[in-house]
Amino acid sequence: MRSSRASWANTTHDWSRAVDRDHLAAVRRDPERYAPGGPGHLVLEIVAYAADEAASRAGGRCTVTLHRDGSVSVADDGRGTDTRVDEHGETVKKPVMASKDLRFFDSPDPERLPDGFARRGMSVVAALSERLVHTNRRLDGAWTQRYELGLPVTGLEPLPADGTTGTLVRFLPVKSLRTQGVLSVHDLSRWTAHRPGLECCIDDRRGPPHRPGRERF
C-alpha cells in the first residue's frame, strides 16, 4: 500500500534521510568510542535488534557465524527490516544502516549492551565495516543491499522468496578493529546468553588457528 513519506512516523530512524553522511563520518572518526573492545561490540549491536524482535514476538532465534575471512554474520528469524512503498511507487527501507538510531545515539543514558558499553545502533556497525551486506526477507518481499563504510553501493536488489522471514547482516570490520584481537567464542556465548527470549548460537568456521582464509563475500 502506497503512502506519503511525510506521513511516516520516525520511531527509531528518520525516514526522510536515507543516508546521513555526517553521522557516518563522525562514527568513522572515533572507532574507539563507538566500538569499544573491538568487533565483539559490533556483533552485540546487531544481536540487540534480533533481541528486540524476539521480545516483540515472544521468542526468536539468531546465529552468529565467524567466517575465515575475518567477517561476521548475524542471522535472525524475525519479521525483517521495515520496508514501505511511497506515494511515487518507490520501495523504501528503514534507513537502519546509514542513519542514526534515534532512541540511542544522542541519549544521555543509553541502553547498555551485555559487554557493558552503550548501545548506539546498527549504523555504527555499517560505518565501521569495510563492507557489509544486509539481506532482508519479509512476507511482502525480499532484497539485499551492499554498503562500504556505511554508504550504500547498490540499490535494493530483489531476491526470490524462500518462505522465510528475517535479516542477515554480514560485515567485515575495518582493519583497525580487526587487529585488536581474535573474537572469542566464549565471550560471545556469554554475552548473547543475557538476552531473554532469544536463542542464540555461535558458529565458528574459522578453524585453528583462526587465520584469515581465501573466503570473501
Side-chain angles (χ1 to χ4, degrees), residues 35-82 96-97 101 104 111-126 128-139 142-147 159 161-173 177-178 180-217:
H41 183 78
L42 300 184
V43 175
L44 296 183
E45 290 279 11
I46 304 173
V47 171
Y49 286 89
D52 290 345
E53 271 292 288
S56 70
R57 299 167 58 242
R61 298 186 302 275
C62 80
T63 300
V64 177
T65 303
L66 309 177
H67 298 277
R68 286 188 59 83
D69 63 353
S71 67
V72 182
S73 60
V74 181
D76 68 53
D77 63 350
R79 295 165 294 181
T81 303
D82 194 2
V96 295
M97 294 295 174
D101 193 313
F104 309 119
E111 174 186 333
R112 296 283 163 174
L113 294 175
D115 60 358
F117 298 114
R119 180 180 181 182
R120 298 300 185 186
M122 193 83 78
S123 62
V124 166
V125 182
L128 295 177
S129 293
E130 291 181 8
R131 53 187 181 275
L132 179 149
V133 176
H134 181 193
T135 301
N136 190 49
R137 294 189 179 277
R138 291 177 61 84
L139 292 176
W143 48 261
T144 189
Q145 188 170 28
R146 299 180 66 89
Y147 297 79
L159 295 173
D162 65 0
T164 67
T165 62
T167 61
L168 169 63
V169 177
R170 184 168 177 178
F171 68 99
L172 180 70
L177 292 181
R178 298 201 308 273
Q180 290 190 22
V182 175
L183 272 172
S184 164
V185 172
H186 172 74
D187 285 342
L188 289 176
S189 298
R190 176 167 54 88
W191 289 332
T192 55
H194 283 259
R195 291 294 185 177
L198 180 67
E199 178 185 341
C200 190
C201 68
I202 313 297
D203 182 6
D204 188 356
R205 300 183 181 178
R206 296 171 297 180
H210 304 325
R211 292 177 179 171
R214 295 182 179 178
E215 176 191 19
R216 180 183 176 89
F217 74 101

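Bear in mind that the values here come from a model prediction, so they are computed numbers and not experimental data. Values below: all heavy atoms of this structure, side chains included; hydrogens, waters and symmetry mates excluded.
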*Chi angles and distances behind the side chain to side chain contact (heavy atoms under 4.5 Å, CB included) call for Arg195, Leu113*: CA-CA 10 Å; Arg195 291 294 185 177; Leu113 294 175; 3.2 Å; yes
*Within a strict 4.5 Å, meaning less than it, do heavy atoms of the His67 and Leu172 side chains meet?*
no
_Taking Arg79 first and then Glu53, would you say they form a salt bridge - that is, a charged N and a carboxylate O separated by under 4.0 Å?_
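Yes, charged N to carboxylate O under 4.0 Å.
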*Salt-bridge test for Arg119 and Asp52: reply yes if a basic N is under 4.0 Å from a carboxylate O, no otherwise.*
yes
Would you say the side-chain atoms of [X] pair up with the backbone N or O of [Y], donor to acceptor, closer than 3.5 Å?
{"X": "Gln180", "Y": "Pro39", "result": "no"}
{"X": "Arg137", "Y": "Gly80", "result": "no"}
{"X": "Glu45", "Y": "Gly121", "result": "yes"}
{"X": "Arg206", "Y": "Leu66", "result": "no"}
{"X": "Asp76", "Y": "Thr167", "result": "yes"}

Which heavy atom of [X] sits nearest a heavy atom of [Y], and at what distance?
{"X": "Gly60", "Y": "Asp77", "answer": "CA-OD1, 3.6 Å"}
{"X": "Leu168", "Y": "Ala75", "answer": "CD1-CB, 3.7 Å"}
{"X": "Pro173", "Y": "Leu177", "answer": "CB-CB, 4.2 Å"}
{"X": "Ala50", "Y": "Leu198", "answer": "O-CD1, 3.9 Å"}
{"X": "Ser71", "Y": "Arg170", "answer": "OG-NE, 3.0 Å"}
{"X": "Leu132", "Y": "Ala126", "answer": "CD1-CA, 3.8 Å"}

For [X], does the [atom1] atom have more than 12 heavy-atom neighbours from other residues, nucleotides or ligands under 6.0 Å away?
{"X": "Glu199", "atom1": "CD", "result": "no"}
{"X": "Leu159", "atom1": "CG", "result": "yes"}
{"X": "Arg178", "atom1": "CZ", "result": "yes"}

*Contacts of Tyr49 that satisfy side-chain hydrogen bond (donor to acceptor under 3.5 Å, both in side chains) - sequence neighbours left out*: Asp101
Measuring from atom [atom1] of [X] to atom [atom2] of [Y], what distance do you get when rounded to the nearest 0.5 angstrom?
{"X": "Arg131", "Y": "Phe171", "atom1": "CZ", "atom2": "CZ", "answer": "12.0 Å"}
{"X": "Phe117", "Y": "Glu111", "atom1": "CZ", "atom2": "CD", "answer": "15.0 Å"}
{"X": "Thr192", "Y": "Ile202", "atom1": "OG1", "atom2": "CD1", "answer": "4.5 Å"}
{"X": "Ser184", "Y": "Trp191", "atom1": "OG", "atom2": "CH2", "answer": "7.5 Å"}

*From Leu188, Thr65, Val43, Ile46, residue fulfilling side-chain contact (heavy atoms from CB on, under 4.5 Å) relative to Val72*: Val43
*Determine, step by step, whether Met97 and Val169 satisfy the side chain to side chain contact (heavy atoms under 4.5 Å, CB included) criterion, reporting the C-alpha distance in whole Å, the side-chain angles of both residues, the deciding distance to 0.1 Å, and the verdict.*
CA-CA 10 Å; Met97 294 295 174; Val169 177; 3.8 Å; yes
